[in-house]
Protein chains: 2
Amino acid sequence: MNKNSVSVRISAKDFAYQEIKERILKCEYTPNQPIAEEELAKDLKISRTPLREAMQRLELEELVVRQTNGRLKVAPVSVKEVRELFLVRSMLEGIIAAEAAEKCTEQDVRHLSYFANMIKQTANERDMEAVSTFGSQFHTYLYEVSQNKTAVKILRQLNDHIMRYRRLAHFIDTKETSFEHEALLEVIAKKDKHNAELMMKKHVLKAMEKAVTALKQYENTMNENE
Amino acid sequence: MNKNSVSVRISAKDFAYQEIKERILKCEYTPNQPIAEEELAKDLKISRTPLREAMQRLELEELVVRQTNGRLKVAPVSVKEVRELFLVRSMLEGIIAAEAAEKCTEQDVRHLSYFANMIKQTANERDMEAVSTFGSQFHTYLYEVSQNKTAVKILRQLNDHIMRYRRLAHFIDTKETSFEHEALLEVIAKKDKHNAELMMKKHVLKAMEKAVTALKQYENTMNENE
DNA sequence: CTTCGTATAATTGTATACAGTTATATTTTA
DNA sequence: TAAAATATAACTGTATACAATTATACGAAG
């Protein structure tokens, strides 16, 4: 076999996990929607054994919840949860920013500059979908630089949940976001740990306010339609 | 059925999870020790299906790791991981302390006083095992008061890992710990969010230093004996 | 018409069997 | 004797079958 080709014999369990997770994050499966194992297994053309393992993983990540009768449903949403997600995220992103400021090389700064520039450019073009994408890449790059596996693992899960809320309540970035990333880059390049942490925390907490506002609006329109 | 009696028909999966987790946290299963599903299932007198679900949960919590050949072993330990665990924990305990300071009632303060007093008393008696136990209860009580499910869930997992390191490297609390809890109680009772957060962070980071020192010593003795 | 009880169906939890893969033991060859 | 090749054993991944639980449909009683 070609040495460069990585054999990606993906297991049924992992396939199911990825597939179902995507459906939940994209809100194809809506909050509180019930899920039956047999039906889903048939749909994915696998047996219940690996499906159950996939579902358990999603359950532990709290993207699905198990009811007292043992049956599964897609996790509910709440303003309280959004606040918690962003509050915890702000602290962990703060750690990451500080550690990244400490460890980043000149090449890392160049990479981050690229993302910051793309954020600025797409923000000017009012392409907020792209702003969000490059924003994620900016943060994800910091994750790598920080080398803090414990924090990064938690952050990835938090970000999954946040992604679902984003799709659900349609909250988007603003022009401010662009400036914030530029300012962050600046202090990180200066290896200013302390300010990197503070600014990152504030940056994330600002995003929280947008998210909360959007979700409240979403919940209002939902209540009107019932 | 009596309304007060809670039916605790524990599943084979949950039984296995609890049992194996305990063995790992108590270091009956040592770091890097291989685990075979068949053998363990026989030992616990259950089939591989629920055992695998239990093992997957432990794997996701990183108390066991899956090797490239698909086989499981007890998670390794490292100084780097200890630092990450405590650093993340310090931030989350900081959030918790701030939120608890905001929300705590007079009765909560009385409960916390009890724990703080027991910490002081047992510290005076040099019963460091008891100090550790009441210390945990002090923190756990704050978790409840904070009502931050997201942070608490993560903290419980971090604390499991920390417990394993404690058992492995035998690091214990000191007299200082006692004073720190008293001081924490004081600012929380005054509902001083800001200082509650700062002091809690410092408190946890102090514990980190003890843990790191103890683990390094443990690793040294391990290397000498090989 | 509603409520209760019972039978039936649907769903989850667990055991077992088997297929596919990886490691180990054995044999063969130089 | 050492290395390579092959056979055997051990182990994991998945499917299927069955047991236990929960929900639903239906009929009887009030």
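Just so we're on the same page: letters track the sequence lines, and every chain starts at 1.
- Residue Glu53(B) contributes atom CD, which lies 13 Å from atom P of dT12(C) at whole-angstrom precision.
- Surrounding NZ of Lys42(A) are at most 12 heavy atoms belonging to other residues, nucleotides or ligands under 6.0 Å away.
- Glu61(B) and Arg57(B) are joined by a salt bridge, as a carboxylate oxygen and a charged side-chain nitrogen come within less than 4.0 angstrom of each other.
- The two atoms that bring Leu44(A) and Ala16(A) nearest to each other are CD1-CB, 4.0 Å, heavy atoms only.
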Provide a list of protein-nucleic acid N or O atom pairs under 3.5 angstrom, restricted to nucleotides 6-9 of chain D.
none

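- In this structure, the CE atom of Met55(B) is 14 Å from the C1' atom of dC11(D), given to the nearest Å.
- The NZ-C1' distance, from Lys42(B) to dA15(C), rounds to 15 Å in whole Å.
- Within the 4.5 Å cutoff, the side chain of Leu63(B) has heavy atoms near those of the Lys21(B) side chain.
- A straight line from CD of Glu39(A) to P of dT11(C) spans 8 Å, rounded to a whole angstrom.
- Remark: Tyr143(A) engages no residue in a ring pair (Phe, Tyr, Trp, His ring centres under 6.0 Å) (not counting sequence neighbours).
- Under the 4.5 Å side-chain criterion, counting only non-hydrogen atoms from C-beta, Val145(B) is not in contact with His111(B).
- Every residue two or more places apart in sequence or in another chain that forms a side chain to side chain contact (heavy atoms under 4.5 Å, CB included) with Met118(A) is listed here: Tyr114(A), Gln121(A), Phe134(A).
- We find that CD of Gln67(B) is positioned 15 Å from C1' of dT21(C), with the value rounded to whole Å.
- Below 30°, between 30° and 60°, or above 60°: for Tyr141(B) and Phe115(B) the angle between ring planes is between 30° and 60°, a tilted geometry.
- One distance of note links CD of Glu22(A) with CD1 of Ile24(A); it measures 11.0 Å at 0.5 Å rounding.
- In terms of heavy atoms, Arg164(B) sits closest to Val74(B) at NH1-CG1, 3.7 Å.
- Taking five base pairs at each end of the helix from dC1(C)-dG30(D) to dA30(C)-dT1(D) and finding the rotation axis that steps the C1' atoms of four pairs onto the next four gives two axes whose angle is 0°, to the nearest 10°.
- The stretch residues 11-23 of chain B has no heavy atom under 4.0 Å from DNA chain D, so no residue of it qualifies as close.
- Between the CD atom of Glu59(A) and the C1' atom of dG13(C) there is a distance of 13 Å, rounded to whole Å.
- Nearer the 5' end of DNA chain D, as judged by each residue's closest nucleotide, is the contact made by Ile35(B), out of Pro50(A) and Ile35(B).
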Listing time: all N or O pairs from protein to nucleotides 16-21 of chain D that are below 3.5 Å?
| unit_1 | atom_1 | unit_2 | atom_2 | d |
| --- | --- | --- | --- | --- |
| dT16(D) | O4 | Thr49(A) | OG1 | 3.1 |
| dT21(D) | OP1 | Arg9(B) | NE | 3.3 |

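- By the 4.0 Å N-to-carboxylate-O rule, Lys201(A) lies close enough to Glu197(A) to be salt-bridged with it.
- The nearest whole Å value for the distance from the CG atom in Leu51(A) to the P atom in dG13(D) is 16 Å.
- Mapping Gly70(A) and Gly70(B) onto DNA chain D by nearest heavy atom places Gly70(B) closer to the 5' end of the strand.
- Ion pairing of Arg48(B) with Glu53(A) is absent here, as no side-chain N (NZ or NE/NH1/NH2) approaches a carboxylate O to less than 4.0 Å.
- The 12-atom threshold is not exceeded at CD of Glu129(B), counting heavy atoms of other residues, nucleotides or ligands nearer than 6.0 Å.
- The existence of a salt bridge linking Lys149(B) and Glu84(A) is excluded, since no basic side-chain nitrogen approaches an acidic carboxylate oxygen closer than 4.0 Å.
- In this structure, Lys45(B) atom NZ and dA15(C) atom C1' are separated by 16 Å, rounded to whole Å.
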